[in-house]
Amino acid sequence: MAAPLLRWGCPGRRWALVWIDRGSRLRSRTPTLPTTERTRGQSSGTQQPLHTAQKSRKGEHKWAAVVGLEIHAQISSNSKLFSGSQVCFAAPPNSSVSFFDASLPGTLPSLVTWPSCFGPMAVYHIILGTSSRGSIFNSWQPGSERERKEEVLNRRCVEAAVMTGLALNCHINKKSLFDRKHYFYADLPAGYQITQQRLPIAANGSLTYGVCIGKKQSQMAKTVRIKQIQLEQDSGKSLHDDLRSQTLIDLNRAEGQLRVDANISVHHPGETLGVRTEVKNLNSIRFLAKAIDYEIQRQINELENGGEILNETRSFDSKLGCTVPMRDKEGKQDYRFMPEPNLPPLVLYNSTSLPAHADIQQVVNIDQIRDMLPELPSTTRERLIQKYGILPEHSFTLLNEVGLLEFFENVIKETRAEPKKVTNWVLNNFLGYLKQQHLAVSESPVTPSALAELLNLLDSKTISSSAAKQVFEELWKGEGKTPAQIVSEQELELMQDQEALEQLCHAAMEGHPQVVIDVKEGNPKAINKLIGLVRKASLSRADPVLIKKILEKKLSS
């Protein structure tokens, strides 16, 4: 019985993100176009259809695919949406269940909210909307030892839904309504789910993302529209025991943190949309992409061979890489949506509509949440490109690896090296080592400060690039030595004695006269042989740029 936070997936290859929805546990139900179904327990956002052309074979008509995504995700909160019961991952079955969660007779959702998500430090009461208690606000002061056993609307879930709506450029409805969605299933003991069908908390948003195209991976911007984001009551979890032929119910909370349903159809451009199928319960972006690609091609093949597409629910078999039928949608379920009679409207405010003398802890202020929004990924990528001059694809990598952006920016703060050089070291050397050893950024034995010091040594020409790689390899061993200590112990400093370098260059030329002749006869690449010889003689401590200058001067005399 919790409310989840919307999370959106990446667009696929031959198809586009169409609409996004939020929910919690997934179960097979029939969505109605153009809005997908909302499953139990979370907020939802929906998006209008986009079309993508399918490549056609010679002599065939082109096909266009329409893909609708309904994303159900759970908000990270310490308690449930309409219940004060705690949410604890892997808790014993039915150990965090209130009377309301179990739908015992006479239990009702409350009009008040408390911020249980913020932990035990803050304990207070909030009334949202008109209350039978006769007051819009009813404060429960922090630190009170009284324990309120009534059921509550989780403030954290409301704020998270608003924050998600703002991040997706949605219109936030200051007044939203709750509805009942009726269906009967063992893990929904009330026989209905509290959702937001008529007037959700947020609607009409958009999401702009970049797509890399062509060999040069140039960026092209695409935008999808978000239809709505809604809060929904979470359901329980059905545990099927095939050995004993029984199903067990855990009402703690559905543990599926992210599920996606994909609605897919194909048609010829300019014609009416085709019959859609729904692929249920996809739990990874990779499986989502595979399921959609497979289903698009399956429908095309079926139609081209004279068959027809059934309006049905399918599942994706990840082992076989194909979708399989679950049931048809001919007998469409009537959810009998109706207004939730026990909950008043959910009322939000902004700075201009805030009631006079209102305690800011007793209302949800949209403007305050907007000010709390972190920098969004698209903004961060643009900032990285403009500020540091890095490539767009590099900005994606920095953001896609957890903790990598923070590591990169900490190195930037402590080094004199150019941002492009830092980018090269972080994305190639540092990230390469992490992937080889299957480590997260937080598990790296090399700190940002250590890498920054190493890059400073390289930038000041204290060491060569090859020596820098040696130092990095030593740092990765995690023995606690600094780059300067490693350079000193292994005598990796570049030679600064000009006279000694000139003697090494002279010796290389004297020992390889034919190479000298080749250079003088117009083969400029032959000088690389001499540079290599001098570097070898100096144990890689000579700067190749300086060596080349000395050799060119001697060869021209």
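Here the structure is a predicted model, which means the values were calculated and not measured.
Between Asp101 atom CG and Phe99 atom CZ the span is 11.0 Å, to the nearest 0.5 Å. If you take CG on Leu405 and CD on Glu375, they are separated by 8.0 Å, rounding to the nearest 0.5 Å. Atom CZ in Arg198 sits 10.0 Å away from atom CD in Gln196 (nearest 0.5 Å). The line from CD1 of Ile300 to NE2 of His268 is 9.0 Å long, rounded to the nearest 0.5 Å. With rounding to the nearest 0.5 angstrom, the CG atom of Leu288 is 5.5 Å from the CG atom of Leu282. Distance check: Glu308 CD to Glu302 CD gives 8.0 Å after rounding to the nearest 0.5 Å.
Asp241 places a side-chain N or O within donor-acceptor distance of the main-chain N or O of Arg244, the cut-off being under 3.5 Å. Judged by distance alone, with hydrogens and angles left aside, the side-chain atoms of Gln193 form a donor-acceptor pair with the main-chain N or O of Gln233 at under 3.5 Å. In this structure a side-chain-to-backbone donor-acceptor pair under 3.5 Å is present from Lys80 to Asn252. Between the Asn311 side chain and the Arg276 main chain, a donor and an acceptor come within less than 3.5 Å of each other. Asp179 contributes a side-chain N or O that, together with a main-chain N or O of Gln197, makes up a donor-acceptor pair within less than 3.5 Å. Distance alone, capped at 3.5 Å, is enough to place a donor-acceptor pair between the His182 side chain and the Arg336 backbone. In this structure a side-chain-to-backbone donor-acceptor pair under 3.5 Å is missing from Thr107 to Ser103. The backbone N or O of Ser235 lies less than 3.5 Å from no partner atom in the side chain of Asp187, so there is not a single donor-acceptor pair.
The shortest distance between side-chain heavy atoms of Glu409 and Leu398 does not fall below 4.5 Å. Side chains of Ile385 and Pro392 form a contact here, defined as non-hydrogen atoms less than 4.5 Å apart. Taking 4.5 Å as the limit, every side-chain heavy atom of Ile292 sits out of range of all side-chain heavy atoms of Val279. In this structure the side chain of Asn281 never reaches within 4.5 angstrom of the side chain of Ser315, judged on heavy atoms. The shortest distance between side-chain heavy atoms of Ile296 and Val266 falls below 4.5 Å. Taking the side chain as every heavy atom from C-beta outward, Leu251 and Pro189 approach each other to under 4.5 Å. Looking at Ser238 and Ile249, their side chains come closer than 4.5 Å, going by heavy atoms from C-beta outward. Using a 4.5 Å heavy-atom threshold, the side chains of Ser353 and Asn350 count as touching.
Annotation for Val87 and Ser79: closest pair CG2-C, 3.7 Å, computed over non-hydrogen atoms. Across Ile194 and Pro109, no two heavy atoms sit closer than the pair CD1-CG, 4.1 Å. Closest non-hydrogen pair, His267 versus Glu271, comes out as CD2-O, 3.6 Å. Across all non-hydrogen atoms, the minimal contact from Val275 to Ser265 is O-CB, 3.5 Å. Here the closest non-hydrogen pair linking Cys170 and Ala202 is CB-CB, 3.9 Å. The minimum heavy-atom distance linking Tyr294 with Gly321 is given by the pair CD1-O, 3.6 Å.
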One pair to check against side chain to side chain contact (heavy atoms under 4.5 Å, CB included): Met372 and Met163. What are the steps and the verdict? CA-CA 8 Å; Met372 293 168 56; Met163 183 172 287; 4.3 Å; yes
Passes side-chain hydrogen bond (donor to acceptor under 3.5 Å, both in side chains), Asn400 versus Thr397? Steps please. CA-CA 5 Å; Asn400 289 344; Thr397 306; 5.9 Å; no
Walk me through whether Asp250 and Asn94 qualify under side chain to side chain contact (heavy atoms under 4.5 Å, CB included). CA-CA 5 Å; Asp250 181 5; Asn94 297 307; 3.7 Å; yes
Show the numbers, then the answer: is there a side chain to side chain contact (heavy atoms under 4.5 Å, CB included) between Tyr192 and Glu340? CA-CA 10 Å; Tyr192 64 85; Glu340 169 54 63; 3.9 Å; yes
Go through the steps to decide whether Leu384 and Leu399 satisfy the test side chain to side chain contact (heavy atoms under 4.5 Å, CB included), and finish with yes or no. CA-CA 10 Å; Leu384 293 173; Leu399 264 69; 3.7 Å; yes
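Using bins of under 30°, 30° to 60° and over 60° for the plane-to-plane angle, the ring pair Tyr183/Tyr335 lands in the perpendicular bin. Using bins of under 30°, 30° to 60° and over 60° for the plane-to-plane angle, the ring pair Phe287/Phe316 lands in the tilted bin.
Partners of Asp367 under the salt bridge (charged side-chain N to carboxylate O under 4.0 Å, His left out) rule, at least two apart in sequence or in another chain, are Arg370.
Side chains of Ser77 and Arg156: a donor-acceptor N/O pair is absent below 3.5 angstrom, by distance only. Gln299 and Trp63 are not linked by any side-chain donor-acceptor pair at a separation below 3.5 angstrom, with hydrogens and angles left out of the test.
A salt bridge links Glu278 with Lys280: the distance from a Lys NZ or Arg NE/NH1/NH2 to an Asp or Glu carboxylate oxygen falls below 4.0 Å.
Exactly one residue among Asp234, Leu258, Asp261 makes a side-chain contact (heavy atoms from CB on, under 4.5 Å) with His72. That residue is Asp261.
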